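When reading the values below, keep in mind they use all heavy atoms of this one structure, side chains included, and skip hydrogens, waters and symmetry mates. Just follow the structure's listing: the first ligand is 1, and inside any ligand the first atom is 1. Computed from a predicted model, the values in this text were never measured in an experiment.
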Amino acid sequence: MSDAPLLRLRALEQVFDTKKGPVAAVGGVDLEVKAGKVLCLVGESGCGKTTTARAAAGITRPTAGAVEFRGKSLTDMTPGEKTAYRRAVQYIHQDPYAALNPTRTVASTLTAGLKRHGLVKNRTEARAKAAELLTLVDLTPPESYLDSYPHQLSGGQRQRVNVARSLAMNPELLICDESTSMLDVSIRVSLLNTLGRLRDDLDVGFLFITHDLAVAKYFAWDGEIAVMYLGKVVEHGPTPEVIGNPQHPYTKALIGAVCEPDPDLARANRSSEQLRSAEIPSLTDLPAGCAFHPRCPAFEPGVCDSTEPALEGTGAAGGRRRVACHIVARDQRRESVQHAQSRDDRTLVLDPNKSPGAAWSA
Ligand SMILES: Nc1ncnc2c1ncn2[C@@H]1O[C@H](COP(=O)(O)OP(=O)(O)OP(=O)(O)O)[C@@H](O)[C@H]1O
């Protein structure tokens with residue numbers, strides 16, 4: 001079996017033609033989701049999360065770059081492979097009500113796909129499978145829900161039905177686009193717990209989109225976070241590292257904006273990363289150099305506004321930590337030079353073949 005990741009986005013670009021000019025909603029994104037793992041895509045509204053998710057789900061065709069599933073590009077798939085991909089990758093929308101047909105009962109919604117794909121033989125089997133799916137998403141006893149219509153369910157219950165419908169296809173990857181954001185906090189946590197159980201028990205991978213870092217931290221603690229800003233990934237790495245030791249000034253600002261119950265920590269977060277501007281530049285008129293520079297507290301003229309920083313490995317977290325910032329890259333280069341120099345000094349002092357005097361004079 002190939003060891004290719006479940007999903008790979010290679011230099012993904014999506015440009016929309018609008019009256020105001022081309023909108024580069026996604027400007028070259030490289031990301032991977034491994035089987036049974038979580039990748040959380042976070043960032044402010046309009047940074048390109050949904051556009052990335054829709055391309056990953058095969059709903060839209062990217063302008064450039066590739067979406068690969070198990071090592072195969074969507075554009076190279078045979079019709080049969082495309083059908084298998086559509087079953088293996090399920091997209092769960094933000095709005096649980098809009099995603100359900102109001103004229104269908106829960107049982108009918110859950111069994112439509114099963115019947116279409118010939119996965120059940122008859123009505124009895126379909127209903128039993130629907131009940132099983134409802135149990136998987138904690139809608140129990142299932143008999144209480146099978147004959148309900150969407151308007152008879154709460155927002156949280158509707159979203160669970162959406163998740164159950166996607167599970168009917170035995171997916172390998174769930175793409176959740178702000179799937180919990182319209183729910184009340186307690187219901188959101190409960191649904192996140194259910195999704196976490198599916199991840200652990202069924203080995204389902206997740207591309208999890210959220211603007212809420214607290215949700216990302218909760219759901220993707222064992223996974224990875226990619227922070228997007230104006231169509232690009234600016235920081236990426238294991239969740240505990242990104243949250244606990246953010247490197248990019250934008251990530252620091254996002255973390256500083258999360259409600260912190262400890263007043264001292266909250267003050268420290270606020271004072272350390274004051275943005276120079278609250279205004280997000282337009283995608284039709286992106287600033288030169290680093291797109292974050294007009295807002296960045298670490299901005300340096302002539303450095304940040306000249307060339308675009310690449311998303312570079314920092315060497316941390318076994319090479320899985322990447323940051324796109326000139327200042328971070330420069331500081332790291334300086335640090336490694338200092339580190340190498342202090343190592344040389346130690347070698348000089350401790351060289352067993354030289355007397356201390358010879359070593360010092362070397
Ligand atoms: N079909 C489209 N035509 C033109 N512009 C679009 C289209 N779809 C998205 N955009 C623009 O692309 C940018 C990224 O949108 P996208 O919905 O991907 O962002 P997002 O991070 O998911 O934000 P939100 O959380 O608000 O949905 C936005 O500026 C949006 O206005």
Side-chain angles (χ1 to χ4, degrees), residues 7 9-31 33 38-67 89-99 155 159 162 173-183 188 191-192 206-220 224-236 242 248 250-251 253-255 257-258 275 277-287 290-292 294-295 308 311 324:
L7 178 79
L9 308 179
R10 273 190 205 271
L12 192 81
E13 285 184 27
Q14 188 80 64
V15 180
F16 295 111
D17 285 322
T18 69
K19 282 182 189 155
K20 289 184 180 166
V23 169
V26 180
V29 162
D30 290 283
L31 288 171
V33 184
V38 180
L39 172 67
C40 230
L41 212 47
V42 301
E44 288 165 302
S45 180
C47 70
K49 304 182 297 292
T50 293
T51 307
T52 304
R54 286 169 61 84
I59 298 169
T60 48
R61 206 188 166 105
T63 321
V67 176
V89 178
Q90 295 287 316
Y91 188 91
I92 301 172
H93 293 262
Q94 174 175 18
D95 183 348
Y97 197 72
Q159 198 58 301
N162 278 319
L173 177 72
L174 287 185
I175 299 181
C176 297
D177 188 0
E178 299 276 12
S179 309
T180 61
S181 63
M182 287 176 79
L183 307 176
R188 185 182 307 161
L191 183 58
L192 285 172
F206 279 83
L207 177 58
F208 197 89
I209 315 291
T210 179
H211 65 277
D212 187 340
L213 262 181
V215 167
K217 182 178 170 184
Y218 188 76
F219 189 66
E224 295 183 354
I225 284 188
V227 181
M228 275 187 91
Y229 185 71
L230 290 176
K232 304 240 160 92
V233 173
V234 295
E235 181 153 11
H236 174 218
V242 173
H248 196 284
Y250 177 62
T251 316
L254 276 185
I255 290 172
V258 173
L275 292 183
S277 157
E279 210 171 303
I280 305 175
S282 164
L283 279 170
T284 53
D285 187 20
L286 285 173
C290 171
F292 187 57
R295 304 173 72 194
E308 198 183 325
L311 184 64

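Taking only non-hydrogen atoms, the option from K49, M228, Q94, R54 nearest to atom 25 (O) of ligand 1 is K49. Taking each of G48, G231, G43 in turn, the one with a heavy atom nearest to atom 19 (O) of ligand 1 proves to be G48.
At distances below 3.5 Å, not a single donor-acceptor pair connects side-chain atoms of E235 with backbone N or O atoms of L311. At distances below 3.5 Å, at least one donor-acceptor pair connects side-chain atoms of D30 with backbone N or O atoms of A11. Within the 3.5 Å criterion, the main-chain N or O of H93 finds a donor-acceptor partner in the side chain of Q159. Panel note: side chain R10, backbone A66; no donor-acceptor pair is recorded below 3.5 Å.
Among the candidates L31, T52, T51, the single residue satisfying the side chain to side chain contact (heavy atoms under 4.5 Å, CB included) test with M228 is T52.
E44 places a side-chain heavy atom less than 4.5 Å from the side chain of Y250. A heavy-atom distance below 4.5 Å is not found between the side chains of V89 and L7. The side-chain heavy atoms of P281 and L230, taken from C-beta on, include a pair separated by under 4.5 Å.
Ligand 1 has G46 within reach: a non-hydrogen atom of the residue lies less than 4.0 Å from it.
Residue-level proximity to ligand 1 for T51 is carried by backbone and side chain together, each with a heavy atom below 4.0 angstrom. Contacts between E44 and ligand 1, counted as non-hydrogen atom pairs separated by less than 4.0 Å, involve the backbone only. Heavy atoms of T18 found under 4.0 angstrom from ligand 1 belong exclusively to the side chain.
The shortest N/O to N/O separation between C47 and ligand 1 falls below 3.5 Å. Every N/O-N/O distance between V23 and ligand 1 stays at or above 3.5 Å. In terms of polar-atom proximity, defined here as any N/O pair under 3.5 Å, A25 makes no such contact with ligand 1.
Less than 4.0 angstrom separates atom 31 (O) of ligand 1 from none of the non-hydrogen atoms of the protein.
When only non-hydrogen protein atoms are considered, atom 29 (O) of ligand 1 lies nearest to L283 CD1, 3.4 Å. In terms of protein heavy atoms, atom 26 (O) of ligand 1 is closest to S45 OG, 2.5 Å. Ranking protein heavy atoms by distance to atom 9 (C) of ligand 1, first place goes to F16 CE1, 3.5 Å. Of the protein's non-hydrogen atoms, the one nearest atom 27 (O) of ligand 1 is T50 OG1, 3.6 Å.
For the residue pair R295 and Y229, a side-chain donor N or O sits within less than 3.5 Å of a side-chain acceptor on the partner.
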